[in-house]
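Notes to accompany the following structure.
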Amino acid sequence: MSKTTAFQQRVYDAVSQIPAGKVTTYKALADSINCGSAQAVGQALKRNPNAPEVPCHRVINSQLNIGGYLGETQGASLEKKRQLLAEEGVEFDVGGRLIDGSRVALP
DNA sequence: AGGGTGACTGCTA
DNA sequence: GTAGCAGCCACCC
């Protein structure tokens, strides 16, 4: 068993609450868990012990830009994340930017 | 126990 | 529009 902390549990819970076809920003997520730092949220997702259980691919940054996936900031993993989002109806451009900002589910 | 890092954000040049 | 700097919280070595 991984040593998941309460903070990470909150992050995973909040992320798993994101409906399909929608995405959320690290800032909104951090605010949702009452955390003043989105970087801490990213840290939890980067070290996420349950990647397939948590739709971490539905989390993007404030600039509507894709963050990363399974610790890969660049590479094929990013393309896979983009593909997953495209399957849910969220389309991204070649630069990894969200095309339809309305897909962002703000709390 | 301490320091450095990071899937971030916001402002300024 | 891009580029650089500082601030923030939690985790890892």
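Convention: sequence-line order gives letters A, B, ...; per-chain numbering from 1. Note that the coordinates shown come from a computational prediction; the quantities given were computed from them, not determined experimentally.
- Rounding to the nearest 0.5 Å gives a distance of 8.5 Å between CZ of A:Arg103 and CG of A:Leu98.
- A:Ile66 comes within 4.0 angstrom of no nucleic acid atom, judged by non-hydrogen atoms across all strands.
- Rounded to whole Å, atom C1' of C:dC12 lies 15 Å from atom CZ of A:Phe7.
- A:Glu72 comes within contact range of no nucleotide atom at all, as no heavy-atom separation falls under 4.0 Å.
- Atoms CD (A:Gln43) and P (C:dG7) sit 20 Å apart, rounded to a whole Å.
- Rounded to whole Å, atom C1' of C:dC9 lies 14 Å from atom CG of A:Asp31.
- For A:Arg47 and A:Cys35, each mapped to the nucleotide of DNA chain C holding its nearest heavy atom, the one lying further toward the 5' end belongs to A:Cys35.
- Distance from the side chain of A:Lys46 is smallest for B:dG6 among the nucleotides C:dC8, B:dG6, C:dA10.
- A:Leu45 has its CG atom 13 Å from the C1' atom of C:dC11, to the nearest Å.
- Looking at every heavy atom in both residues, A:Pro49 comes nearest to A:Thr4 through CG-CG2, 3.7 Å.
- A:Gln39 places its CD atom 11 Å from the C1' atom of C:dC11, with the value rounded to the nearest Å.
- Taken to the nearest 0.5 Å, the CG atom of A:Leu78 stands 8.0 Å off from the CD atom of A:Glu72.
- Considering every non-hydrogen atom in both A:Asn48 and A:Tyr12, the closest pair reads CA-OH, 3.3 Å.
- A continuous path of Ile, Leu, Val, Met, Phe, Trp and Tyr side chains, each step under 4.5 Å between heavy atoms, connects A:Val54 with A:Ile33, placing both in one hydrophobic cluster.
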Every protein N/O within reach of nucleotides 9-13 of chain B N/O, cut-off under 3.5 Å:
unit_1: B:dT9; atom_1: OP1; unit_2: A:Ser62; atom_2: N; d: 2.4
unit_1: B:dT9; atom_1: OP1; unit_2: A:Ser62; atom_2: OG; d: 2.5
unit_1: B:dT9; atom_1: OP2; unit_2: A:Ser62; atom_2: N; d: 3.2

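- Under a 4.0 Å N-O distance rule, the pair A:Glu91/A:Arg82 does not qualify as a salt bridge.
- Distance A:Ile33 CD1 to B:dC8 P: 15 Å, rounded to the nearest Å.
- Between the CG atom of A:Leu84 and the C1' atom of B:dA7 there is a distance of 15 Å, rounded to whole Å.
- For the pair A:Asn65 CG and C:dG1 P, the interatomic distance rounds to 13 Å; values are reported in whole Å.
- Checking A:Arg97 against A:Lys3, the closest nucleotide of DNA chain C that is more toward the 5' end is the one next to A:Arg97.
- Taken from NE2 in A:His57 to CD in A:Glu88, the straight-line distance is 4.0 Å, to the nearest 0.5 Å.
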